[in-house]
S.K.: 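Take this structure, written in structure tokens, and hold onto it; I'll ask about it next.
For reference, positions follow the sequence shown, starting with 1. Atoms within each ligand, like the ligands themselves, are counted from 1 in listed order.
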Amino acid sequence: MRTYIFYILAIAILFVASPVESRRKKNPKCDPLDLDNADCTDCTAKDGTAVPVPPAKGYDKKTVCRCTCDFGCVRKQGATERECDVRPMRWKGGRGIDCACRPCASPPTPPLNYYNSNCTGMTNIPFGTICVFECPAGYSGPTDETVRRMYCENSNWRWSVSTGCTADPVHGGWSDWVDSACSVTCGGGTLTRTRTCDNPAPAHMGDQCLFEDNATRGLSESKTVACNEDACPTGMPTIMPTGSS
Ligand SMILES: *[C@@H]1O[C@H](CO)[C@@H](O)[C@H](O)[C@H]1NC(C)=O
Ligand SMILES: *[C@@H]1O[C@H](CO)[C@@H](O)[C@H](O)[C@H]1NC(C)=O
């Protein structure tokens, strides 16, 4: 009984294992490089051609792979290139690249009139985190995000922001018209109607207010308007400035 089981096992092992074994021996391969916080998939075969990622059955002898640290990490030590050697089967080039990837303790300080970033309030920010700065209300910055962001690289913030926020122009707006006293109480007179461009006042290169002619601009506009045009009662003086009686 025992012998019987032994034969079945032996046949099964031979059947399953032998094709793999023989293939390995004939054409040994290197397994893909698996290093912490690094990417080693930029590989070139012995004849100089790029090797697809990942190769189905491992890397051939003499394949050279270049390793780069993940985004947000820096190389501390170790070789960036390693070569597949098959006698014995291993990657030559020491232990390979060693990358430092510490998180950032607090968000980056907003530069150049910037207000804050989408990392505001975070702590222990993972390496590689990108923070995009925002402008305060009434200010505008470049629309291109790549010139107003920073990323955490091994506990330091990288990429200086090249352009800051600038105050948006404020275009002037008119206050209501204000009338002076009429020159008469009856019989037709005139008054001066004035408005000022202070609601809001123009600022940061904004336009002054547009006059009623729709052509010229300024900070104050006046016009003369008829007033108290009703006929005066008989026996009353025609001209009597208001407030003087
Ligand atoms: C901030 O915004 C950018 C762009 O929208 C994004 O790529 C990044 O992941 C955001 N950062 C955080 C911490 O949410
Ligand atoms: C100025 O423009 C306003 C609105 O566009 C219009 O109602 C008004 O008649 C114009 N005034 C003159 C003097 O053209």
S.K.: Taking only heavy atoms of the protein into account, state which residues are under 4.0 angstrom from an atom of ligand 1, in chain and number order.
M.R.: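 Ligand 1 is contacted, at a heavy-atom distance under 4.0 Å, by N118, C119, M122, T129, I130, V132, E145.
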S.K.: If you compare the SG positions of C84 and C65, is the separation below 2.5 angstrom?
M.R.: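 Looking at C65 and C84, their sulfur gamma atoms do not lie closer than 2.5 Å, so the answer is no.
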S.K.: For the aromatic rings, using the six-membered ring if either is Trp, is the centroid distance between W159 and Y151 under 6.0 Å?
M.R.: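 Ring centres of Y151 and W159 closer than 6.0 Å.
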S.K.: Testing the 3.5 Å rule here: is there a donor-acceptor pair between the side chains of D198 and S175?
M.R.: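 There is such a pair between these side chains.
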S.K.: Do E83 and T63 have side chains that get closer than 4.5 Å, going by heavy atoms?
M.R.: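 Result no, sub-4.5 Å side-chain heavy-atom pair not found.
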S.K.: Would N228 and T185 count as having a side-chain donor-acceptor pair, cut-off 3.5 Å?
M.R.: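 Note: N228 and T185 side chains miss the donor-acceptor criterion.
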S.K.: With a 3.5 Å cut-off and no angle check, do the side chains of S180 and R193 form a donor-acceptor pair?
M.R.: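 Note: S180 and R193 side chains miss the donor-acceptor criterion.
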